Amino acid sequence: MTLANAMISDTSTYLDTLNPEQRQAVETTEGPLLVLAGAGTGKTRVLTTRLAHLLLTGRARAGEILCTTFTNKAAREMKERVGRILGHSADGVWLGTFHALCTRILRRHAELMALDPQFIIIDADDQTRLVKQIMAAQNIDDKKFPARAFLGIIQSWKDKGLPPEKVQADHNNGPALAIYTAYQQRLRASNAVDFGDLILYNLQLFAAHPDVLQEYSARFRYILVDEYQDTNIAQYLWLRMLALAHKNICCVGDDDQSIYGWRGAEVGHILKFEQDFPGAGVIRLERNYRSTEHILGAASGLIAHNKGRLGKTLWTGDKGGDKVTVAAHWDDAAEARYVGEEVETLQRAKQSLKEQAILVRASFQTRAFEERFMTLGVPYRVIGGLRFYERQEIRDALGYLRVVAQPDDDLALTRIINLPKRGIGKSTLDALTQSAREQQISLYQSIRRALEAKTLKPKMAETLQKFLDDFARWRKLLEDTAPEAVVEKIIEESGYRAMWQDTKTPDAPGRVENLKELVRAIGEFPSLTEFLEHVGLVTDTENTENDDMVNIMTLHAAKGLEFDHVFLPGWEEGLFPHQRALDEGGTKGLEEERRLAYVGLTRARKRAWVSYASNRRIYGQYQNSLPSRFIGELPPEHIEKPVGAGGMSSQGWKAAVEEVYRQANQQRPAAPAPVREKLTATHPNFPVGTKIFHQKFGYGKVITAQGDHLQICFEKAGIKKLLADFVTKA
DNA sequence: AACTAATACTTTTTT
DNA sequence: AGTATTAGTT
C-alpha cells in the first residue's frame with residue numbers, strides 16, 4: 001500500500017472515533033495548547049492520534065516531532081498505538097522519557113560539556129556511595145547527617161535546574177553545597193552523570209551554546225508532552241527552550257493527578273500555562289470512558305476537598321454499577337484475608353485476575369497480600385519490586401563491565417576491586433585513593449603508577465598487577481569478540497561466578513542463574529556500550545503483563561493504568577495520608593495524598609474496595625490506627641459498608657473501632673494479649689509526659705509511645721522518634 | 001585482612 | 001522482623 005493511500009483511507013476513520021473535544025485537541029495543531037484531561041477521558045488517545053495526525057497530514061516529518069513521557073512503559077505504549085493508526089511503525093519520532101531524550105541530545109554534544117560521549121549514567125546506589133565517600137573525605141559525621149539527606153538536597157537543586165555555582169551559599173545549607181560541588185567534580189572525573197544531570201546538562205548546554213539550542217528548537221516543529229502536571233522545574237525549562245522557535249507545544253495533563261511533588265514536580269506549571277505561553281488554547285476533556293457513575297462520584301467527591309484546582313466536572317454515560325465498598329478490619333492480616341476472599345469470588349465469577357489490582361500506599365504493604373495469595377495459591381505479580389538491574393550480583397557484574405568500558409569509573413572499580421576477595425583490603429584501598437586524590441587521577445591510574453613506582457609490597461603488587469592485566473586483556477578481547485562472549489569470560493575468569501557457586505546460602509543458586517540471564521540480555525545488544533546505556537535508563541523488566549495474575553503495586557506505580565476491579569487497602573491516618581507527607585508538606589502534602597487517593601479510585605472500571613485495619617504491624621510492632629480522613633470524605637451516596645463497620649466520620653471512628661473490636665472478639669475470642677497492651681499506647685517506664693534525657697538531643701518530654709518507639713519533644717532538638725533504650729529518666 | 005557478633009535502622013512514592 | 005552496617009576479635 002502506498003503512503004498516499006494510507007493517508008486517505010485512515011484520515012476519515014481515525015478522527016471519526018473521537019468525541020468533539022478530543023477531536024479539537026487533535027486538530028488544533030498550531031500554537032500552544034493545554035489539554036486538561038481528567039482521569040479516563042482518553043488522554044493517551046488524544047496524544048497518539050495527534051501525533052499520527054501531524055504525520056499523516058504532512059505537517060511534520062517524523063524527525064520533527066518531540067514527544068515526552070515519564071515512563072519507558074508509556075513511551076513504548078504510545079509508539080505502539082501511533083504505529084497502529086499509521087499502519088507502520090513510527091520510526092524517527094523523538095518519543096521517549098525526558099531522561100532518554102536528554103541522554104540522546106547530551107551524547108551528541110558531550111564534548112561541549114567536557115564529557116566523553118560514552119558517559120555512564122549512575123543509579124541511586126552509586127549516588128549514595130559517592131556521597132558517602134565525599135563525606136568521609138571531608139570528615140563529615142554521617143551519623144549526624146545521613147548521606148541520603150544530602151543526596152535529597154542535591155537532587156532538589158538539580159530538579160530546579162541549579163548547578164552548584166548557581167546555588168546560593170547560605171547557612172541553612174550546612175555543608176550541602178560543598179558536598180554538591182565535590183559530587184559533581186567526582187562524577188565528571190569518572191565520566192559519569194546521574195539522572196538529574198541529564199536534564200541539568202541539557203539546560204547548561206543550551207544556555208552556553210545557543211546555536212545548539214537553535215538547531216533543536218528549529219528542528220522540533222511540534223512538541224507533545226504527556227503528564228505535564230508532573231514536570232519539574234528543570235524539565236519545564238527544557239521544554240520552554242525547545243518550544244521557542246515554533247511554539248507548537250501541546251501539553252496534556254491533569255492537575256488532580258499530580259502526585260510527584262516530592263520529586264520536584266510543580267503543579268504550578270499547569271496552573272500558569274496560559275501565562276507561560278501567550279495565546280495558548282485550553283481544552284478540557286471531561287467525559288470519562290472508564291468508570292461507573294459511583295466510582296466517579298466517589299472520586300469526584302473526594303477530590304473536591306482540595307483547594308486550588310483548575311476544576312473539571314467529569315461525567316460518564318455509564319450509569320449505575322456497584323457502589324464503592326468501604327470495609328473495616330481488625331488488622332492487616334484480616335484485611336489481606338478479606339481481599340483474598342473477594343479475589344477468589346471474582347475468580348469464581350470468571351473474572352480474569354489480571355483485571356484486578358491491589359493498590360497500596362507504601363511498598364511494605366504488599367507483603368501481607370503476597371503471603372495471603374501464596375497460601376491461597378492465587379497467582380500474583382508485584383510491580384515495581386526489586387528490579388533486575390538493581391540486584392546485587394547484577395550490579396557487581398555490571399561493575400566489571402563498566403571498568404572494562406571505562407577504567408576511570410572509580411565508583412565501579414571500588415565496588416569490585418575486592419570482590420571476590422583478592423586481599424585488597426581497606427588500608428590498601430585507602431592508600432591508593434589518597435594518592436589518586438593527591439595526583440588528581442583516577443583510582444585505576446593510581447594503581448598503575450603505584451606499580452610503576454614499585455612502592456608496594458611484592459605480594460600486593462602481584463595481586464594488583466594481575467588485576468590490571470585481567471582488565472587489559474578483557475578490554476582487548478572486546479575489540480574483536482561478541483560482547484556476550486566477553487562478558488561470559490569476565491564472569492568466569494574474575495572468579496565472580498565461582499564466588500556465588502561456592503556460597504552455600506539458599507539465594508546463591510538464584511544469583512548464579514541471574515548472571516546467566518545477564519549474559520543472555522547482553523547478547524541482545526550490538527555492543528557493550530549500548531547495553532550499558534540501556535541499563536542506565538531502563539528500569540522495568542516486567543514482561544509478564546499478559547499472564548493472568550492479580551497485580552499488586554503502589555498507588556504511584558498505578559498511575560496511567562486501569563483495571564476492572566481495584567482494591568485500596570490501608571486507608572488509615574498516618575499511612576494514608578502518610579504521616580511524613582503531612583509532616584513535611586503540610587496542607588500541600590495532604591492535598592497530594594488526596595490526589596493519590598483520587599488516582600487510586602479512578603483506576604477502577606467496574607468496582608472499587610476501600611478498606612482499613614485497626615491494627616497494623618509496622619517495624620515488627622503492632623500499632624493501632626484510625627480510619628483515614630479520606631474515608632469520611634467519600635460521598636455517602638456512592639459508598640456501601642458491607643460488614644456493619646459503623647460510621648467513618650471523624651466523629652464516628654470510635655464507634656467504628658469498637659465495632660471492629662467486638663467483631664474481632666466474636667471471631668477470635670481472645671484477642672492477642674500483646675495487641676491489647678499496645679493499644680494503651682504508652683510505655684511502662686516512660687508514660688506520656690515523662691521528662692527524659694538523651695545523649696545527643698538533651699532534655700525532652702515524651703509525647704507519644706508505641707511499644708518501644710517513643711516520640712519525644714526535646715527542648716533544643718525538636719520532635720524526634722527514638723527507641724526507649726536510648727533515653728533515661730531526667 | 002577477614003570473619004563473627006553486635007547494633008543500628010528501616011518503610012513513601014522513582015526516572 | 002529483618003537487613004545492613006559496624007565494632008571487635010582472630
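Below, chain A is the first sequence line, B the second, and so on; all start at residue 1. Fair warning: this is a prediction, and the values are worked out from it, not measured in the lab.
Residues from residues 252-265 of chain A lying near DNA chain B, meaning a heavy-atom separation below 4.0 Å, are Y260(A), W262(A), R263(A) in numerical order. Of the residues in residues 153-162 of chain A, not one comes within less than 4.0 Å of DNA chain B through any heavy atom.
For residues 196-206 of chain A, every residue pair satisfying the salt bridge (Lys or Arg N to Asp or Glu O under 4.0 Å) rule, not counting sequence neighbours, is listed here: K158(A)-D197(A). The stretch residues 566-575 of chain A participates, sequence neighbours left out, in these salt bridge (Lys or Arg N to Asp or Glu O under 4.0 Å) pairs: E572(A)-R616(A), E573(A)-R629(A).
Residues satisfying the salt bridge (Lys or Arg N to Asp or Glu O under 4.0 Å) test with D125(A), not counting sequence neighbours, are R395(A), R415(A). In terms of the side chain to side chain donor-acceptor pair (under 3.5 Å) criterion, residue partners of R107(A) (sequence neighbours excluded) are, by chain and number, E533(A). Listed by chain and number, the residues in a side chain to side chain donor-acceptor pair (under 3.5 Å) with T69(A) amount to none (sequence neighbours excluded). Under the ring pair (Phe, Tyr, Trp, His ring centres under 6.0 Å) criterion, F567(A) pairs with W609(A), sequence neighbours left out. Here E584(A) pairs with R580(A) under the side chain to side chain donor-acceptor pair (under 3.5 Å) rule; sequence neighbours left out.
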Nucleotide N/O to protein N/O under 3.5 Å, stretch nucleotides 8-10 of chain C:
none

Between the protein and nucleotides 2-5 of chain B, which nitrogen or oxygen pairs come in under 3.5 angstrom?
from	atom 1	to	atom 2	distance (Å)
dA2(B)	OP1	G423(A)	N	3.3
dA2(B)	OP2	N418(A)	ND2	3.4

Can you give the donor-acceptor pairs under 3.5 Å from side chains of residues 555-563 of chain A to other protein atoms, not counting sequence neighbours?
from	atom 1	to	atom 2	distance (Å)
H556(A)	NE2	I259(A)	O	3.1
H556(A)	NE2	W262(A)	NE1	3.4
K559(A)	NZ	E227(A)	OE1	3.3
K559(A)	NZ	D230(A)	OD2	2.1
E562(A)	OE1	R290(A)	NE	3.4
E562(A)	OE1	R605(A)	NE	2.9

